[in-house]
Q: 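Pasting a structure below so you can have a look.
Worth knowing before you read on, the calculation uses all heavy atoms, side chains too, and leaves out hydrogens, waters and symmetry mates. Note that the numbering runs from 1 along the sequence shown for the chain.
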Amino acid sequence: MRTTIAILAGATALSLAVSPAVAQEQSRPSARDILGRVLEAVLGDEEQPEQDAAAEAVVDAVPAPTLETVLAHERRNADRARDQYRNPAATLAFFQIEPTQTVVEWGPGGGWYTRVLAPYLAQEGAYVAVNGDSDGRTYPNRNAELRAKGWTQRFRKTVAEMTGVTADQVAAYELDEVPEGLNGTADRVLIFRSMHGLWNADEADEVLGGLRKLLADEGMVGVVQHRAPANASWSDVNPARGYMRQTDIIKLFELHGFRLVSTSEVNANPRDPANWERGVWTLPPVLTTGEDDPRRDEYLAIGESDRMTLLFRKVD
């Protein structure tokens, strides 16, 4: 990571050539094949034949819902107020997400996008959640440690409860425990508002390297990240207070074997100056300064943060 920081610290404005997206190669394993591999890794060899047959029956019997249907479902009633800031339909279209793909979501957290992706992909594609390695961390107490280490099984159950998909249609792994058979199979990796956390924790190199292994040849990574002003100084954004410079993100991905395909302003918010003393959490939905802050109405009027939306392709 120190090498990455040194390179980024000395980087100047980048001149970027944006190229159009390239169609997916038809020779890749199908999403049904990938789902079978996921089930084998989760359930073990003995249950696999029966589960494979059940999975095929579900895929054949129930067509994938449209994205519009998923977004309109009542389970998203509490989420829908944030669509105006997160623009899920336009964002997933920009990332070229299809229901037949294998899609990895990094660090799904509270599950806002999970509640869209899991039901959209469950029937014809595969949804895979990946989180960081729980070993080697410092925990405030034993309960916190046990909770972190039990994330994978708990997450699969939670996704089933909040989306209606079955637990065996959801795969969840810590990055260091991803089955070898899944490497090279993902069509997309999606990273929503998490790059600052990886940067501050000095985990960006390890995580991007691991996620790159998951991607198929020509697979792509979609990134949404809180955006610092282009003229922000290095010291303004390091350590990141949620916001990062777009040029730094692009350079970081280039250093890890990715090429920028395209950028989008679909999640831009020009009302956000992105220079808050308490960082991005000053704004909704966190509003960390509290209800007594005299500027609270201002924060609510601004809405959620200004965000970059970037699409990268894995290259040799």
Q: May I ask you to decide whether Arg193 forms a salt bridge with Glu304, counting only side-chain N to carboxylate O separations under 4.0 Å?
A: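 Result for this pair is no, no salt bridge flagged.
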
Q: Does Val315 sit in a hydrophobic cluster with other residues, and if so which ones, taking ILVMFWY side chains as linked at heavy-atom separations under 4.5 Å, directly or through other members?
A: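 For Val315, no cluster forms, as it stays isolated from other hydrophobic side chains.
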
Q: Which atoms form the tightest heavy-atom contact between Gly303 and Pro284, and what is the distance?
A: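 Between these two residues, the closest heavy atoms are O-CD, 3.3 Å.
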
Q: Measure from the side-chain N and O atoms of Arg156 to the backbone N and O of Ala167, and report whether any donor-acceptor pair falls under 3.5 Å.
A: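 The answer is yes, because a donor-acceptor pair under 3.5 Å joins these two groups.
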
Q: Using only heavy-atom distances, determine whether the side chains of Tyr127 and Glu105 contain a donor-acceptor pair under 3.5 Å.
A: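 Yes.
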
Q: Can you name the nearest heavy-atom pair linking Ala268 to Arg227, along with the distance?
A: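 The pair with the smallest heavy-atom distance is CB-NH2, 3.5 Å.
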
Q: Does one hydrophobic cluster hold both Leu198 and Tyr243, with members joined at side-chain heavy-atom distances below 4.5 Å?
A: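 Different clusters.
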
Q: Quick one: are Asn238 and Asn200 in side-chain contact, heavy atoms under 4.5 Å?
A: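 No. Closest side-chain heavy atoms not under 4.5 Å.
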
Q: Salt bridge between Glu218 and Arg313, side-chain N to carboxylate O under 4.0 Å?
A: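 Here Glu218 pairs with Arg313 in a salt bridge, since their nearest N and O are under 4.0 Å apart.
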
Q: Please confirm whether the backbone N or O of Asp133 pairs with a side-chain atom of Asp176, one donor and one acceptor, at under 3.5 Å?
A: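 No; judged by distance alone, with no hydrogens or angles, the pair does not exist.
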
Q: For Thr289, is there any backbone N or O sitting under 3.5 Å from a side-chain donor or acceptor partner on Asp293?
A: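 Between the backbone of Thr289 and the side chain of Asp293 there is no qualifying donor-acceptor contact (under 3.5 Å).
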
Q: Is there side-chain contact between Asp187 and Val103, with heavy atoms separated by less than 4.5 Å?
A: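 No, too far: nothing below the 4.5 Å cut-off.
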
Q: Do His256 and Asp205 have side-chain atoms, one donor and one acceptor, less than 3.5 Å apart?
A: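 Indeed, the side chains of His256 and Asp205 share at least one donor-acceptor pair under 3.5 Å.
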
Q: Could you tell me if the side chain of Thr152 sits less than 4.5 Å from the side chain of Asn131, heavy atoms only?
A: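 Side chain of Asn131 against side chain of Thr152, heavy atoms only: no contact under 4.5 Å found.
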
Q: Nearest 0.5 Å, please: how far is CG in Leu175 from CD in Glu203?
A: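 If I round to the nearest 0.5 Å, the distance is 9.5 Å.
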
Q: Going by heavy atoms in the side chains, are Arg241 and Val280 under 4.5 Å from each other?
A: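 Side-chain contact under 4.5 Å: no.
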
Q: Can you find a pair of side-chain heavy atoms, one from Asn77 and one from Arg80, that are under 4.5 Å apart?
A: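 Answer yes - side chains close enough.
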
Q: Give a yes-or-no answer on whether the side chains of Trp234 and Asp248 include a donor-acceptor pair shorter than 3.5 Å.
A: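 Their side chains do not contain a donor-acceptor pair, so the 3.5 Å distance test is not met.
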
Q: Are any side-chain N or O atoms of Asn269 and backbone N or O atoms of Ile302, one a donor and one an acceptor, separated by less than 3.5 Å?
A: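 Pair found, side chain donor or acceptor close to backbone of Ile302.
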
Q: With rounding to the nearest 0.5 Å, note down the distance linking CG in Leu311 to CE in Met220.
A: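 These two atoms lie 4.5 Å from each other.
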
Q: If every non-hydrogen atom of Arg75 is compared with every non-hydrogen atom of Met162, which pair is closest and at what distance?
A: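 In terms of heavy atoms, the two residues are closest at CD-O, 3.5 Å.
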
Q: Less than 4.5 Å apart, side chain to side chain, heavy atoms only: is that true for Ile191 and Leu211?
A: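 The answer is yes, as the side chains (C-beta and beyond) meet within the 4.5 Å cut-off.
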
Q: Between Trp281 and Gly242, which heavy-atom pair has the shortest distance, and what is it?
A: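 Minimum heavy-atom separation between Trp281 and Gly242: CH2-N, 3.5 Å.
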
Q: Any chance the side chains of Thr69 and Tyr120 put a donor and an acceptor closer than 3.5 Å?
A: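 Side chains of Thr69 and Tyr120: no pair found under 3.5 Å.
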
Q: Below 4.5 Å, heavy atoms only, C-beta onward: do Thr309 and Glu265 meet side chain to side chain?
A: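 When only atoms from C-beta onward are counted, Glu265 and Thr309 do not touch, as no gap falls below 4.5 Å.
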
Q: So for atom CD, which belongs to Gln84, do other residues, nucleotides or ligands contribute more than 12 heavy atoms lying within a distance under 6.0 Å?
A: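 Atom CD in Gln84 is packed in, count exceeds 12.
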
Q: Check the pair Trp106, Phe192 against ring-ring contact (aromatic ring centres under 6.0 Å, His included), reporting the backbone distance first and the verdict last.
A: CA-CA 8 Å; Trp106 166 260; Phe192 295 109; over 10 Å; no

Q: Using only heavy-atom distances, determine whether the side chains of Asn267 and Thr91 contain a donor-acceptor pair under 3.5 Å.
A: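 Side chains of Asn267 and Thr91: pair found under 3.5 Å.
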
Q: For Ala232, enumerate each residue passing the side-chain contact (heavy atoms from CB on, under 4.5 Å) test, keeping only those at least two apart in sequence or located in another chain.
A: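 Here the qualifying residues are Ala228, Pro229, Asp236, Val237, Arg245.
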
Q: Kindly say whether Phe312 contributes a backbone atom to a donor-acceptor pair with the side chain of Arg259 at under 3.5 angstrom?
A: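 Checking the backbone N and O of Phe312 against the side chain of Arg259, no donor-acceptor pair under 3.5 Å is found.
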
Q: Is the backbone N or O of Met195 less than 3.5 Å from a side-chain atom of Gln225, with the two atoms forming a donor-acceptor pair by type?
A: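 Side chain of Gln225 to backbone of Met195: a pair is present.
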
Q: Is Ser264 reaching over with its side chain to a backbone N or O of Val266, donor-acceptor style, under 3.5 angstrom?
A: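 Yes.
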
Q: If you look at every heavy atom in Thr114 and Pro108, which pair is closest and at what distance?
A: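 Scanning both residues, the minimum pair turns out to be OG1-CB, 3.4 Å.
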
Q: Is it true that, when you exclude Glu161 itself, more than 12 heavy atoms of the residues, nucleotides or ligands shown sit nearer than 6.0 Å to its CD?
A: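 It does: Glu161 CD has more than 12 such atoms within range.
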
Q: Quick one, Leu310 with Phe253, criterion side chain to side chain contact (heavy atoms under 4.5 Å, CB included). Give me CA distance, side-chain angles, the key distance, then yes/no.
A: CA-CA 10 Å; Leu310 313 174; Phe253 272 83; over 6 Å; no

Q: To the nearest 0.5 Å, what is the distance between CZ on Arg115 and OG1 on Thr158?
A: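 Interatomic distance, Arg115 CZ to Thr158 OG1, rounded to 0.5 Å: 10.5 Å.
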
Q: So does Trp112 get a backbone contact from the side chain of Arg86, meaning a donor-acceptor N/O pair under 3.5 Å?
A: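 It does not hold such a pair.
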
Q: Show, in sequence, the C-alpha distance, side-chain angles and deciding distance for Tyr113 and Val224, and conclude whether the side chain to side chain contact (heavy atoms under 4.5 Å, CB included) test is met.
A: CA-CA 12 Å; Tyr113 256 109; Val224 177; 5.7 Å; no

Q: With side chain to side chain contact (heavy atoms under 4.5 Å, CB included) as the test, would you mind laying out the steps for Thr263 and Leu260 before giving the verdict?
A: CA-CA 8 Å; Thr263 67; Leu260 181 68; 3.9 Å; yes

Q: Considering non-hydrogen atoms only, spot the tightest contact between Arg296 and Leu287 and give its length.
A: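 Answer, listing the atom of Arg296 first, then Leu287: NH2-CD1, 3.6 Å.
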
Q: With side chains defined as the heavy atoms from C-beta onward, is the minimum distance between Val104 and Leu190 less than 4.5 Å?
A: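 When only atoms from C-beta onward are counted, Leu190 and Val104 do not touch, as no gap falls below 4.5 Å.
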
Q: Working to the nearest 0.5 angstrom, can you tell me the gap between Gln123 CD and Thr100 OG1?
A: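 Between Gln123 CD and Thr100 OG1, I get 13.0 Å after rounding to 0.5 Å.
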
Q: Within the side chain of Lys213, is there an N or O that forms a donor-acceptor pair under 3.5 Å with the backbone of Gly184?
A: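 Here the side-chain-to-backbone pair does not exist.
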
Q: Can you tell me if Gln169 uses its side chain to pair, donor with acceptor, with the backbone of Thr166 under 3.5 Å?
A: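 Here the side-chain-to-backbone pair exists.
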
Q: Rounded to the nearest 0.5 Å, how far does CD1 of Ile249 lie from CH2 of Trp199?
A: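 Going from CH2 on Trp199 over to CD1 on Ile249, the span is 8.0 Å.
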
Q: Mind checking the OG1-CD spacing from Thr185 to Gln101? Nearest 0.5 Å is all I need.
A: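 It comes to 12.0 Å.
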
Q: I'd like to know if Arg76 pairs up with Asp83 as an ion pair, taking the criterion as any Lys NZ or Arg NE/NH1/NH2 lying under 4.0 Å from an Asp or Glu carboxylate oxygen.
A: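 Salt bridge present between Arg76 and Asp83.
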
Q: Is it true that Tyr299 and Asp272 share a donor-acceptor pair across their side chains at a distance under 3.5 Å?
A: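 Checked: Asp272/Tyr299 side chains show no N/O donor-acceptor pair below 3.5 Å.
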
